[in-house]
Amino acid sequence: MKTADDSFRRRVLALVRRIPPGRVATYGDVAAGAGKPRAARAVGNIMKGCSGAGVPCHRVVAAGGLVGGYGGNETLKRALLRAEGVLIRARRIHDFEERRWRNRGRSTT
DNA sequence: TAATTGACTTCGC
DNA sequence: GGCGAAGCCAATT
């Protein structure tokens, strides 16, 4: 591993870990928070390579609040999010814009 | 080192 | 609303 600079990967993981329960973030948001708003795909790859390492990757969804990824276990992802208070409509998060976590100074709590 | 893949995003049909 | 193509970045082979 550590093919590219860990900085990016490490920042992405750190951001995802900072996502509080009941909140969600898009790959693009996480990538942007890591310093590369165009690295959404890379974020997905990072998740795949670091999922389970204490990173709540289930709180990371695609753009528009579209639930997916998670190795194809979107059902599980959906269940986890719902368990945290995030309502899901079909394959999308209800009030996604409101549930969307922003990497601001605080966690909106 | 180069080429391919992928848990993405956005526009177009 | 669903499917397809182009673009961007990192990981994997």
Side-chain angles (χ1 to χ4, degrees):
Chain A
M1 310 311 204
K2 293 191 359 188
T3 48
D5 280 340
D6 321 298
S7 12
F8 180 70
R9 193 180 75 185
R10 179 196 255 224
R11 283 180 199 180
V12 170
L13 296 174
L15 283 168
V16 175
R17 283 169 59 181
R18 282 167 68 133
I19 301 174
R23 295 279 174 170
V24 295
T26 70
Y27 291 94
D29 278 358
V30 176
K36 303 217 180 279
R38 306 286 182 185
R41 296 179 77 163
V43 172
N45 265 1
I46 294 168
M47 298 267 116
K48 181 170 66 162
C50 299
S51 60
V55 183
C57 33
H58 64 268
R59 288 183 197 148
V60 182
V61 298
L66 185 64
V67 178
Y70 221 73
N73 296 321
E74 60 177 270
T75 308
L76 175 61
K77 191 167 176 175
R78 212 163 65 205
L80 289 169
L81 289 172
R82 191 169 72 81
E84 292 188 351
V86 180
L87 300 188
I88 312 268
R89 214 46 122 188
R91 284 178 220 170
R92 283 191 238 186
I93 296 172
H94 184 61
D95 295 333
F96 166 65
E97 290 295 332
E98 296 181 32
R99 294 288 184 180
R100 182 167 165 193
W101 175 67
R102 296 194 173 195
N103 183 22
R104 302 276 172 133
R106 51 200 82 140
S107 19
T108 73
T109 47

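Here the structure is a predicted model, which is why all the values come from computation and not from measurement. Note on naming: letters A, B, ... go to the chains in the order of the sequence lines (proteins, then strands), and numbering restarts at 1 for each one.
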Round to a whole Å and report the spacing from [atom1] of [X] to [atom2] of [N].
{"X": "A/R91", "N": "C/dG1", "atom1": "CZ", "atom2": "P", "answer": "13 Å"}
{"X": "A/R41", "N": "B/dT10", "atom1": "CZ", "atom2": "P", "answer": "13 Å"}
{"X": "A/R38", "N": "C/dA6", "atom1": "CZ", "atom2": "P", "answer": "18 Å"}
{"X": "A/N45", "N": "B/dT5", "atom1": "CG", "atom2": "P", "answer": "13 Å"}
{"X": "A/L15", "N": "B/dA7", "atom1": "CG", "atom2": "C1'", "answer": "17 Å"}
{"X": "A/K48", "N": "B/dT5", "atom1": "NZ", "atom2": "P", "answer": "12 Å"}
{"X": "A/L66", "N": "C/dC3", "atom1": "CG", "atom2": "P", "answer": "12 Å"}
{"X": "A/I46", "N": "C/dA10", "atom1": "CD1", "atom2": "P", "answer": "8 Å"}

The side chain of [X] is closest to which nucleotide in this list: [options]?
{"X": "A/M47", "options": "B/dA7, C/dA11, C/dC9", "value": "B/dA7"}
{"X": "A/C57", "options": "C/dA11, C/dC9, B/dA7", "value": "B/dA7"}
{"X": "A/F8", "options": "C/dA10, B/dT9, B/dG6", "value": "C/dA10"}
{"X": "A/A63", "options": "B/dC8, C/dC9, B/dT10", "value": "B/dT10"}
{"X": "A/Y70", "options": "B/dA7, B/dT9, C/dC8", "value": "B/dA7"}
{"X": "A/A39", "options": "B/dC8, C/dC9, B/dG6", "value": "C/dC9"}

Of A/A62 and A/V43, the one whose nearest nucleotide on DNA chain B sits closer to the 5' end is A/V43
Is there side-chain contact between A/I46 and A/L13, with at least one heavy-atom pair below 4.5 Å?
yes
Are A/K48 and A/N45 packed together at the side-chain level, in the sense that at least one heavy-atom pair is separated by less than 4.5 angstrom?
yes
Touch class at under 4.0 angstrom, heavy-atom based, for A/A40 against every strand present:
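Answer is sugar-phosphate: A/A40 comes under 4.0 Å of backbone atoms only.
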State whether A/E97 and A/R100 are salt-bridged, where the test is any N-O pair (Lys NZ or Arg NE/NH1/NH2 against Asp/Glu carboxylate O) under 4.0 Å.
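A/R100 and A/E97: salt-bridged.
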